[in-house]
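Just so you know, residue 1 is the first one in the sequence shown, and it goes up from there.
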Amino acid sequence: MTYEYKTKGTCSSRITFDLDGDVVRNVKFTGGCNGNLKGISAIVDGMKVEDIEKKLSGITCGFKNTSCPDQLAKAVAEAYAKQNG
């Protein structure tokens, strides 16, 4: 299933990814810090939702109370919950 998540409170505006069971693939960010987000996308490709949540949840960016990695953790958790309703 391909999922699209509208981010909140970050420079990136959207995250799209594929969810196959509990495995995340093909993560793409719209906007944000291009190189860093390409790196994060490559690192999490093939990871399980639970592992992404554990590693990225709660990361902040500067003065913000969230970050692109934190938003990715929220996105994959939301997608997984919807998929397994």
Side-chain angles (χ1 to χ4, degrees):
M1 156 179 125
T2 299
Y3 190 77
E4 183 175 305
Y5 181 82
K6 184 170 175 11
T7 60
K8 298 157 193 73
T10 60
C11 297
S12 66
S13 59
R14 182 177 328 149
I15 307 169
T16 57
F17 56 92
D18 296 329
L19 187 60
D20 182 15
D22 66 345
V23 177
V24 175
R25 299 204 183 278
N26 303 315
V27 176
K28 292 185 177 49
F29 288 84
T30 301
C33 302
N34 190 21
N36 289 332
L37 297 177
K38 282 180 182 175
I40 290 168
S41 298
I43 289 167
V44 302
D45 191 59
M47 285 180 68
K48 293 183 176 186
V49 169
E50 179 181 4
D51 295 331
I52 293 172
E53 286 184 276
K54 283 180 186 175
K55 291 182 180 285
L56 303 181
S57 288
I59 293 175
T60 59
C61 183
F63 61 88
K64 300 173 184 175
N65 62 359
T66 190
S67 65
C68 293
D70 182 57
Q71 289 292 295
L72 176 58
K74 291 178 185 337
V76 299
E78 182 179 291
Y80 186 72
K82 284 184 179 182
Q83 175 181 278
N84 296 296

Looking only at heavy atoms, what is the nearest atom pair of [X] and [Y], with distance?
X   : Y   : value
A75 : Y5  : CB-CG, 3.4 Å
K64 : G9  : CD-O, 3.3 Å
A73 : E53 : O-CG, 3.9 Å
G58 : D70 : N-OD1, 2.7 Å
F29 : S12 : CD2-OG, 3.9 Å
T7  : Q71 : CA-OE1, 3.4 Å

When you look at CG of N84, are more than 12 heavy atoms from neighbouring residues, nucleotides or ligands closer to it than 6.0 Å?
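Result for CG/N84: enclosed.
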Does D20 CG have over 12 foreign heavy atoms under 6.0 Å away?
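At most 12 heavy atoms, drawn from other residues, nucleotides or ligands, come within 6.0 Å of this atom.
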Working for side chain to side chain contact (heavy atoms under 4.5 Å, CB included), residues V44 and L56
CA-CA 10 Å; V44 302; L56 303 181; 4.1 Å; yes
Output the distance between atom [atom1] ([X]) and atom [atom2] ([Y]), rounded to the nearest 0.5 Å.
X   : Y   : atom1 : atom2 : result
L72 : K55 : CG    : NZ    : 13.5 Å
K6  : T16 : NZ    : OG1   : 14.0 Å
I40 : I59 : CD1   : CD1   : 7.5 Å

Starting from the C-alpha separation in whole Å, work towards a yes-or-no answer on side chain to side chain contact (heavy atoms under 4.5 Å, CB included) for E50 and D22.
CA-CA 8 Å; E50 179 181 4; D22 66 345; over 6 Å; no
Same cluster or not: are I43 and V23 linked, directly or through other Ile, Leu, Val, Met, Phe, Trp or Tyr residues, by side-chain heavy atoms under 4.5 angstrom apart?
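Different clusters.
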Do you know which of V27, L37, T10 makes side chain to side chain contact (heavy atoms under 4.5 Å, CB included) with I15?
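Result: among V27, L37, T10, V27 is the only option passing the side chain to side chain contact (heavy atoms under 4.5 Å, CB included) with I15.
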Option passing side chain to side chain contact (heavy atoms under 4.5 Å, CB included) with L19 (candidates N26, T2, V24):
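Exactly one option meets the side chain to side chain contact (heavy atoms under 4.5 Å, CB included) with L19, and it is V24.
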